[in-house]
Amino acid sequence: MKLRKGPLLLLLTLFIATGIYAQVKQVKKTVHYPGSAAAMARGKIVYTNICLACHMADGGGVQNMNPPLISTSYVSGNKPALIKIVLNGFKDDVEINGQKYSNNMLPHSDLSDQQVADVLTYVRKSFGNKASAVTAFEVKKVRALIKN
Amino acid sequence: MKKLFILLLPVFALIGLIVFNACKNPDRTNTTDAANAGLTLPAGFSAVAVADNLGQARHLVVTPQGDIYVHLANSKKGRSILVLHLDGDKTTLKTSFADYGGTGIAIKNGYLYASSNSDVYRYKLNDKNEVINPGQPERIVTGLINRRMHEPKAIALDNDGNIYVNIGAYSNICSDFDPNKTGCPILDSAAGIWQFRADKPNQHYSDGIRYAGGLRNVVGLDWNQQDNQLFVMQHGRDMLHDLFPKYYTIKQSADLPAECMFALKKGDNAGWPYVYYDWIKHKNMLGPEYGGDGVKAADPKFLNPVAAYPGHFAPDGLLFYTGNQFPEKYKNGAFIAFHGSWNRAPEPQDGYCVVFQPFKNGKPDGQWEKFADGFAGTAEQKASGRAVHRPCGLAQGPDGSLYVTDDNKGTIYKITYSK
């Protein structure tokens with residue numbers, strides 16, 4: 001009898017363990033960004049209203065046309081350059097991971113400094129990106145530079 | 001009995017484990033239907049993938065000898081036109097040439113025509129429809145506008161020695177070039193179909209005729225032999241809601257405007273950017289950039305489409321079926337390859353299919369129907385726009401089979417009918 005209990009126990013343990021794993025996996029992970037949770041929430045609203053139509057809900061963009069916002073230095077790199085793209089729009093050829101993207105992006109200078117900061121914070125911390133937040137002050141500085 | 005139960009317990013546990021694990025992962029990718037290469041088709045039709053992983057396979061043409069010329073959007077190792085030889089349901093790469101990526105490709109009167117995003121070339125064919133000098137094409141048209149957006153120069157030829165070339169608008173709705181709404185200035189050299197001679201080298205704009213204008217972008221076009229007339233599929237404008245939220249809901253912006261089929265005559269004006277077609281109201285509407293509000297109709301001087309399809313489906317291929325293999329109702333009707341949408345977000349994306357449009361006496365007759373679907377993959381892959389395959393080019397084989405390219409994975413499908 002004892003011999004048979006071994007595999008039974010092992011299978012039961014496996015059964016329960018995988019079950020628990022499945023349960024845990026189904027619970028959505030809440031990600032905490034200290035001090036920027038509100039900015040993330042506000043940024044998501046701006047993203048949904050302004051950016052999603054072209055860059056898509058998953059930030060993956062559109063083949064040949066609208067560039068992805070994932071794993072690219074355009075998004076995760078230099079902040080003033082990124083802010084400038086939002087304020088001025090973008091008409092350059094973009095090549096990301098060997099793919100070219102050609103649609104023009106309209107300027108979004110009608111957004112407030114805070115809205116630009118929020119949406120860029122959201123983009124830089126979403127879709128697998130792990131870059132730093134953008135502040136309204138940083139946007140203000142770039143906006144002043146563009147005007148001059 | 002109890003002993004037997006204990007003995008069987010591990011078996012139950014194992015079954016439970018398998019069932020439980022099978023159920024817990026609802027987003028697992030469905031295995032694609034191996035039959036019909038994953039496509040769904042009307043009864044009697046079947047599909048096979050005769051080629052795979054070719055690259056961005058755009059338009060194609062099939063010769064009577066069973067060679068397929070397919071044009072890639074971007075050249076691979078300096079070659080953008082692949083020549084595949086068909087042997088039943090399989091193909092082998094025969095050769096490749098042309099150092100320019102592009103979309104257009106056609107055969108007429110002993111020549112292969114192909115376009116880059118700015119020029120049109122032709123190659124003399126031998127009596128087996130093989131290119132004689134792949135390295136020395138004759139440049140027919142040169143210097144067409146290529147400003148990245150809507151840049152493919154799709155082509156079609158008539159029976160009188162002319163070639164028709166699409167020159168797409170390098171803009172969604174011209175607002176970036178017409179801020180004061182005094183008239184779109186780019187219409188003189190883009191947003192239309194130009195006509196050139198098919199045999200005259202090095203033609204520029206000044207050698208051609210602006211055959212029809214006010215067409216935002218055309219990728220699918222074909223010469224209708226019954227009407228002896230050019231038919232084109234226009235890609236309608238984007239962003240009605242994003243630009244005019246007070247006039248258009250998100251849902252309306254996903255459904256509108258129509259993707260239109262036009263039967264063109266010389267001098268026609270389809271109205272871009274001033275006009276768009278509402279397929280629900282069945283009328284041309286005044287564009288919101290030029291005083292429209294979603295209700296005001298357009299000036300009747302603009303050309304009406306002969307058929308209209310849901311918004312953003314992106315028609316990239318048009319073919320009039322003249323073969324004898326398919327049932328009688330398909331004869332002289334139109335197949336349209338819809339590349340699939342992106343500007344329907346946040347609504348689910350749609351398109352990614354081949355549609356059949358019945359024709360009678362050279363005019364669309366009756367409701368269009370989905371002919372081949374399933375290119376996108378799962379419902380989720382379709383809705384998110386992360387489609388696996390995207391239909392682009394269409395061609396008819398010598399035996400009346402229909403060929404469809406996919407420019408995402410580079411698959412070529414062969415669709416056949418048997419009673």
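No experiment lies behind these values; they were computed from the predicted model shown.
Counting all heavy atoms, side chain and backbone alike, A/N104 lies closest to B/R148 at OD1-NH2, 2.8 Å. When all heavy atoms of B/D242 and A/N49 are compared, the closest pair comes out as OD1-O, 4.1 Å.
For B/R147, no part sits under 4.5 Å from any heavy atom of chain A, backbone or side chain. Interface remark: B/N172 contributes no atoms to any contact with chain A (heavy atom separation under 4.5 Å). For A/K91, the parts lying near chain B are the backbone and the side chain together; criterion is any non-hydrogen pair under 4.5 Å. The contact between A/A53 and chain B is made by backbone and side chain atoms together, counting heavy-atom distances below 4.5 Å. Interface remark: A/N64 contributes side-chain atoms only to the contact with chain B (heavy atom separation under 4.5 Å). Residue contact with chain A, scored on non-hydrogen atoms closer than 4.5 Å, involves the side chain of B/H339 exclusively. Contact annotation for B/N408: both backbone and side-chain heavy atoms come within less than 4.5 Å of a heavy atom of chain A.
Once rounded to the nearest 0.5 Å, the distance linking CG of A/N103 with CG of B/D238 reads 7.5 Å. The structure places CD of A/Q63 at 10.0 Å from CZ of B/R386, a figure rounded to the nearest 0.5 Å.
No more than 12 heavy atoms of other residues, nucleotides or ligands shown are found within 6.0 angstrom of CG on A/N97. Counting non-hydrogen atoms of other residues, nucleotides and ligands closer than 6.0 Å to NZ of B/K181 gives a total above 12.
Close approach to chain B, defined as a heavy atom under 4.5 Å from one of its heavy atoms, is seen in no residue of residues 109-122 of chain A. Listed by sequence position, B/W342, B/N343, B/A345, B/P346, B/Q349 are the residues of residues 341-351 of chain B in contact with chain A, using a 4.5 angstrom heavy-atom cutoff.
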